[in-house]
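These notes concern the structure reproduced below.
Letters A, B, ... mirror the listed sequences (proteins, then strands); counts begin at 1.
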Amino acid sequence: MLLEKAYDPKRTEDRIYAMWEQSGAFRADAHSSKEPFTISMPPPNATGQLHLGHAVMLALQDIFIRFARMRGKEALWVPGTDHAAIATENVVIRQLKKDGMKDPRKELGREKLVALIADFVEQSRGTIRKQVRKMGASCDWSRERYTFEPALNRLVNEVFCMMHGDGLIYRGHRIVNWDPGLQTTVSDDEIAYKEETSPYYTFQYGPFQISTVRPETKFGDKYVVMHPDDERYTAFKHGDTFEAEWINGPVRATVIKDASIDMSFGTGVMTITPWHSAVDFEIAERHGLEKEQIIDEKGRLLPIAGEFAGMSIEKARPLVVEKLQSKILVVKVEENYVHNIATNSRGGGIIEPQIKLQWFIDVNKECVQWKNQTMSLKEVMHDVIHHGDIAIIPERFNRTYFHWIDNLRDWCISRQIWWGHRVPVYYCTKCAGAVSKPGEMTNDQFPMTKTFVSVQPMDRCPDCGGPVTQDEDTLDTWFSSALWTWSTLVDSKVTEDLSLSLEEMLAKSPDYQTFHPTAVMETGYDILFFWVARMILMTTYATGQIPFKTVYLHGLIRARDGRKMSKSHPETMIDPLDMIEKYGADALRLSMIVGQSPGNDARLYEEKIAGYRNFINKLWNASRFVLMQCEAAGVTPADCAMENEQWEMDALSLADRAILHATELLTEDVTKGLEEYRLSETGERLYGFTWDLFCDWYLELSKGTANTAVLVHVLRRLLTLLHPYCPFVTEELWAQVKPAEAGSLIKEEWPKMHSDWKDQEAFDQLQIVIDVITAIRKLRTEQNVEPQKAVAITIVAETQAGLLSSQSDHIKRLAKVSDLSIAVTGKQPTESASAFLPGIEMYLSLAGLIDKDKERASLQKEQEQLQRFVSGIQAKLGNEQFMSKAPAALISEQKAKLQEAEEKLRKIEERLGGLT
RNA sequence: GGACGAUUAGCUCAGCUGGUUAGAGCGUGCGAUUCACAUUCGCAAGGUCACUGGUUCGAAUCCAGUAUCGUCCACCA
């Protein structure tokens with residue numbers, strides 16, 4: 001069957017994908033005796049659209065998993081989606097508001113809103129599934145998971161209870177990042193600082209001058225803080241009080257000395273607002289100072305603001321300044337003060353720090369058993385990277401990771417949104433006022449409540465039988481994502497049995513037993529902290545295992561000009577689905593892999609994708625050529641079985657022996673490259689081999705003298721090696737050339753080396769033939785010989801005459817030579833132009849038409865290059881230090897090169913002398 | 001303020017543990033259209049490897065510093 005002239009991915013990809021899926025090729029077996037190899041797919045948001053970030057991750061992981069599968073491992077790639085708590089709730093609420101609802105949370109209530117979001121997710125989840133398939137991802141769909149499914153909820157609750165029991169989870173009044181717009185807390189890592197220019201005010205505050213960009217928070221300020229060593233203020237002692245005229249009348253203020261104050265900044269004095277600033281909060285905690293709330297959760301001023309109460313901060317700010325001005329307390333205003341404001345990276349709302357009662361994970365408490373020691377979560381996280389249990393690629397991210405751990409504060413895990421795993425904690429309404437566990441509450445300004453932490457829903461207080469209420473908060477979405485590598489491997493059925501402990505559930509889950517820890521976690525470096533670090537934290541704690549052995553961090557895909565692709569600049573956006581439609585998934589995959597090194601950003605643009613589309617088409621046409629050769633020879637490709645035939649290497653042509661040798665080398669390089677996760681380099685190697693050696697030389701050389709067995713063998717090998725990179729086209733072509741007994745390529749075994757087929761000498765000899773042909777072509781072009789015109793060539797080659805004679809047909813055909821004479825010795829024919837290779841002289845005879853100027857120019861250029869080279873080597877060899885210190889092999893190599901170059905130079909100079 | 005990365009051909013990038021006459025793709029110039037492919041083929045032009053020092057027999061590669069760009073972290077009231 002003859003192939004179409006050009007490859008059409010649209011007629012191939014969906015069909016091939018369906019074939020793979022139906023054949024069960026993606027499915028892994030927990031009871032297999034093969035070595036397991038697992039990847040957990042970072043779950044895309046359930047409501048999302050596939051973007052380039054997903055595309056690159058799918059391409060990389062698919063290469064890893066296909067390679068592992070072909071190498072005979074039990075390869076499992078677990079797909080899934082994320083409920084993306086804040087993001088998803090936002091999307092739905094925004095839509096409801098668009099549809100006319102004023103306050104969806106209030107109007108619908110918790111249950112109805114959550115049900116609506118669940119419906120929405122259910123509907124849109126199918127989109128991403130389809131899109132993942134479009135990329136060719138060979139993941140095991142029978143094991144698809146969802147971060148918010150009941151089984152995972154059970155595990156989330158279980159881990160929460162364990163951690164609470166170990167005192168690693170506590171509830172406390174702490175300063176948190178509050179987003180007044182979204183009405184929820186945000187973790188430290190989700191804060192993005194934005195530069196802003198605002199007026200900067202300096203006020204008189206008693207005997208001091210204090211500065212701020214936020215006058216509206218200053219109502220409750222009654223502490224002035226300065227550095228204990230600040231000589232300007234030695235007159236003031238810690239604890240001194242004084243009276244100051246302030247916004248709403250006189251206040252009594254206290255002097256606090258604290259070493260955290262930067263003396264060189266401004267006046268070196270500041271007032272503090274502990275309720276609305278993390279730094280101030282810490283100072284207040286250190287000195288046991290009072291804290292007062294000034295701004296409410298909606299961002300409005302509280303009664304403490306007096307006449308300003310109820311106003312939004314934006315509205316109050318100028319009015320407060322006005323009032324201070326009227327009291328002549330404004331010392332100066334700097335209009336264009338540049339500072340950073342904290343915003344929520346999801347949604348962009350301005351963050352207003354607040355003291356709130358929240359749930360935290362204690363990262364410093366030493367109570368985790370790890371490697372027979374008791375450590376804190378921080379220490380475990382540090383240990384597994386430090387001791388190489390987990391390797392990060394590229395390694396430099398270790399430093400970033402350690403730095404992050406060093407600065408890590410307790411993780412606030414509660415969120416005041418409804419879409420997510422609910423905090424599994426219950427409060428007795430009757431036992432209110434009683435203290436449940438000592439140390440559970442950290443701030444005794446607030447009343448205590450009897451608290452129960454429970455995996456199973458509770459409705460009665462076990463102590464008094466009174467009614468209980470559940471905690472209103474949900475958990476940070478990363479809490480459940482942090483369990484992903486193993487929670488997805490726990491048998492869903494097992495989680496329904498509430499009598500089982502976590503340990504028992506793990507023991508009863510064959511998938512977990514077989515496939516965890518996973519082999520490699522592949523994700524973008526931008527979520528190293530959010531996710532990778534937290535998986536390490538939670539998984540080591542909960543299961544006693546590391547979640548993965550290798551972390552492969554890919555870079556960001558940027559627009560052609562290096563900018564981040566963003567919705568605000570639609571012209572920079574590349575939609576992977578459009579690109580698949582236009583160029584095919586294989587081309588898109590290659591364009592994102594080759595030229596992209598781990599941890600580094602890479603630019604993508606359409607021409608690049610088109611370039612790889614061309615490559616795919618090249619491969620297609622090479623296969624088409626091989627099939628045509630088989631047809632012409634009356635051979636069925638399926639019957640070709642190089643491996644089973646006893647080939648006498650000597651019976652093969654030079655080109656055959658050389659390509660077999662090169663194919664073995666290629667196989668070695670690709671295998672090693674993929675083992676070492678060097679995907680870009682390996683992709684380039686395959687590209688170059690296919691196009692330059694196989695197509696441009698071997699196929700050309702085989703025209704007229706095709707050895708179909710070798711052709712088919714090399715093509716098969718090439719398809720196999722390329723399959724992880726471009727699975728669709730290779731699978732499609734495989735069907736045409738595969739051995740009769742073979743199945744689909746996805747299940748094919750990775751090639752084994754055949755050292756018998758190595759023949760370095762043949763390869764080197766072919767290289768000489770290639771060089772001769774190229775040199776003749778160059779001579780032709782230089783001498784303006786018309787492409788169709790056949791020429792006469794004389795070759796004088798002392799040692800290689802035999803080789804070149806044996807290949808004279810190839811030289812004649814590929815260099816368009818009609819009259820080729822090859823001799824061991826001889827003189828330059830008259831009326832000819834010359835070119836030289838080591839030990840080989842080539843003369844193009846062209847009676848009366850030789851352009852001597854061009855020949856001279858060409859030879860002179862080469863002469864110059866050679867002279868530079870020769871003098872470079874001579875200097876080296878004349879250097880005693882070099883001769884005594886350089887390795888012997890290098891010296892003899894240099895000597896040989898020198899001799900070769902000198903000889904060639906002599907020939908060129910001889911000829912140049914004859915030209916003048 | 002701290003850390004990390006980048007700087008190699010017009011553009012986008014390779015170049016692993018120091019020894020190459022520094023590579024690729026795209027683009028450019030010239031030429032080619034029966035016989036796998038114009039999504040093609042042939043030939044060519046194009047680089048003092050950001051700069052300054054150092055280590056070394058030898059540096060694009062290792063070290064130090066400088067400059068420019070980028071990213072992350074911290075955040076100053």
Side-chain angles (χ1 to χ4, degrees), chain A residues 2-3 5-7 189 193 200 210-214 225 260-262 264-273 277-280 339-340 342 394 396-397 399-400 403-404 407 525-526 528-529 555-556 558 560 562 564 583 587 594-597 599-605 607-608 610-629 676 678 680-681 684 687-688 691-692 695-696 699-700 703 774 777-782 784 786-788 814-816 865-866 868-870 872-873 875-876 879-887 889-891 893-894 897 901:
Chain A
L2 216 55
L3 300 173
K5 243 182 139 168
Y7 172 59
D189 293 305
Y193 289 94
Y200 185 57
I210 56 148
S211 301
T212 183
V213 286
R214 306 214 45 196
V225 192
S260 71
I261 300 298
D262 179 358
S264 62
F265 188 85
T267 59
V269 178
M270 68 178 204
T271 62
I272 56 167
T273 314
S277 155
V279 176
D280 296 2
H339 65 128
N340 286 325
R396 64 184 152 87
F397 279 93
R399 282 186 71 138
T400 325
H403 182 256
W404 179 80
N407 292 297
Y525 65 78
D526 52 328
L528 178 62
F529 307 140
L556 260 49
R558 293 176 173 276
R560 182 205 303 273
K564 239 180 182 171
Y583 302 106
V594 181
Q596 160 110 348
S597 49
N600 291 329
D601 295 352
R603 305 175 190 211
L604 185 67
Y605 39 88
E607 296 95 298
K608 200 165 170 181
Y612 288 103
R613 183 267 321 264
N614 297 352
F615 171 72
I616 299 291
N617 192 56
K618 188 76 184 173
L619 180 66
W620 178 265
N621 271 290
S623 310
R624 186 164 181 257
F625 174 80
V626 172
L627 291 174
M628 288 169 93
Q629 295 303 313
E676 291 169 3
R678 287 181 285 116
S680 173
E681 198 186 327
E684 254 178 292
Y687 183 103
W691 203 311
D692 302 337
C695 290
D696 287 352
L699 294 191
E700 289 304 325
K703 280 177 184 172
T774 305
R777 282 173 177 170
K778 188 177 168 184
L779 259 184
R780 296 177 54 113
T781 307
E782 269 167 18
N784 291 325
E786 290 156 44
Q788 312 87 321
L814 295 180
K816 268 267 176 202
Q865 284 174 352
L866 272 173
R868 241 179 294 138
F869 180 60
V870 164
I873 293 194
K876 262 189 213 176
N879 184 327
E880 278 177 39
Q881 298 269 24
F882 176 77
M883 296 305 282
S884 60
K885 290 187 181 169
L890 183 70
I891 293 174
E893 185 194 312
Q894 296 285 317
K897 276 187 183 176

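- Between K816(A) and the phosphate of C43(B), there is no side-chain N or O to OP1/OP2 separation shorter than 4.0 Å.
- For K5(A) and C37(B), the shortest distance from a side-chain N or O to OP1 or OP2 is below 4.0 Å.
- Rounding to whole angstrom units, NE2 of residue H403(A) and P of G5(B) are separated by 14 Å.
- A donor and an acceptor atom sit less than 3.5 Å apart, one in the side chain of N340(A) and one in the base of C75(B).
- Side chain of N617(A) to backbone of Y7(A): a donor-acceptor contact under 3.5 angstrom is found.
- Residue T774(A) is in sugar-phosphate contact alone, with no base atom involved, counting any heavy-atom pair closer than 4.0 Å across all strands shown.
- Separation of atoms CD1 (I261(A)) and CE (M270(A)) is listed at 4.0 Å; rounding is to 0.5 Å.
- Between the side chain of E700(A) and the base of A36(B) there is at least one donor-acceptor pair of N/O atoms closer than 3.5 Å.
- Residue contacts for E684(A): at a heavy-atom cut-off of 4.0 Å it reaches the sugar-phosphate backbone alone, with no base atom in range.
- Using N1 to N3 plus N6-O4 or O6-N4 for Watson-Crick, or N1-O2 and O6-N3 for G-U wobble, each under 3.5 Å, U71(B) pairs with A3(B).
- Comparing atom distances between the R777(A) side chain and each of U39(B), G42(B), C4(B) picks out G42(B) as nearest.
- Look at CD on Q881(A): it is 13 Å from P on U55(B), rounded to the nearest Å.
- Between R603(A) atom CZ and C69(B) atom P there is a gap of 15 Å when expressed in whole angstrom units.
- Of the candidate nucleotides C37(B), U12(B), C76(B), C76(B) has the atom nearest to the side chain of V279(A).
- In this structure, CD1 on I891(A) lies 9.0 Å from CD on Q894(A), to the nearest 0.5 angstrom.
- Within 4.0 Å of T212(A), counting heavy atoms only, lie sugar-phosphate atoms of the nucleic acid but no base atom.
- A straight line from NZ of K876(A) to P of G19(B) spans 10 Å, rounded to a whole angstrom.
- Residues D696(A) and E700(A) come closest through the heavy atom pair O-CG, 3.2 Å.
- Distance R560(A) CZ to G25(B) C1': 14 Å, rounded to the nearest Å.
- The nucleotide C11(B) finds its pairing partner in G25(B), both defining distances of the Watson-Crick or G-U wobble pair being shorter than 3.5 Å.
- The separation between R780(A) atom CZ and G31(B) atom P is 16 Å, rounded to whole Å.
- Comparing G5(B), C37(B), A77(B) against the side chain of H339(A) picks out A77(B) as the nearest.
- For A14(B), the OP1/OP2 oxygens have a side-chain nitrogen or oxygen of S597(A) closer than 4.0 Å.
- Nearest heavy-atom pair across D280(A) and I272(A) is OD2-CA, 3.4 Å.
- For E786(A), the CD atom is loosely surrounded, since the number of other residues' heavy atoms within 6.0 Å does not exceed 12.
- Heavy atoms of L556(A) sit nowhere under 4.0 angstrom from any nucleic acid atom.
- Side chain of A6(A), nearest nucleotide from U39(B), U20(B), G31(B): U39(B).
- Residue side chain R613(A) reaches the base of U39(B) through a donor-acceptor N/O pair under 3.5 Å, judged by distance alone.
- Of all heavy-atom pairs spanning Y612(A) and A587(A), the tightest one is CB-O, 3.7 Å.
- Between K608(A) and the phosphate of C13(B), there is no side-chain N or O to OP1/OP2 separation shorter than 4.0 Å.
- Set against C76(B), G25(B), C13(B), the side chain of Y687(A) has G25(B) as its closest nucleotide.
- No contact: G266(A) has no heavy atom under 4.0 Å from any strand.
- Among the nucleotides C76(B), G5(B), C75(B), the one closest to the side chain of N600(A) is G5(B).
- The side chain of L866(A) lies closest to U21(B) when the candidates are C37(B), U21(B), G19(B).
- Comparing atom distances between the D696(A) side chain and each of G42(B), U20(B), U12(B) picks out G42(B) as nearest.
- Both tests pass for K608(A) against the ring of Y605(A): distance under 6.0 Å to the centre and angle within 45° of the axis.
- Within the nucleic acid shown, N879(A) comes within 4.0 Å of sugar-phosphate atoms alone, with no base atom in reach, counting heavy atoms only.
- Donor-acceptor pairing under 3.5 Å, judged by distance alone, is absent between the side chain of K778(A) and the base of C43(B).
- Listed candidates were G25(B), A77(B), U20(B). Nearest to the side chain of Y605(A) is G25(B).
- Using a 4.0 Å heavy-atom criterion, one finds that Y193(A) contacts the bases of the nucleic acid, with or without backbone contacts as well.
- Listed pair R399(A) / C4(B) meets the phosphate criterion, a side-chain N or O lying under 4.0 Å from OP1 or OP2.
- With distances taken from any side-chain atom of P787(A) to the nucleotides A24(B), C4(B), A32(B), the minimum falls on A32(B).
- OP1 or OP2 of C41(B) has at least one side-chain nitrogen or oxygen of W691(A) nearer than 4.0 Å.
- The CD-P distance, from Q865(A) to U20(B), rounds to 16 Å in whole Å.
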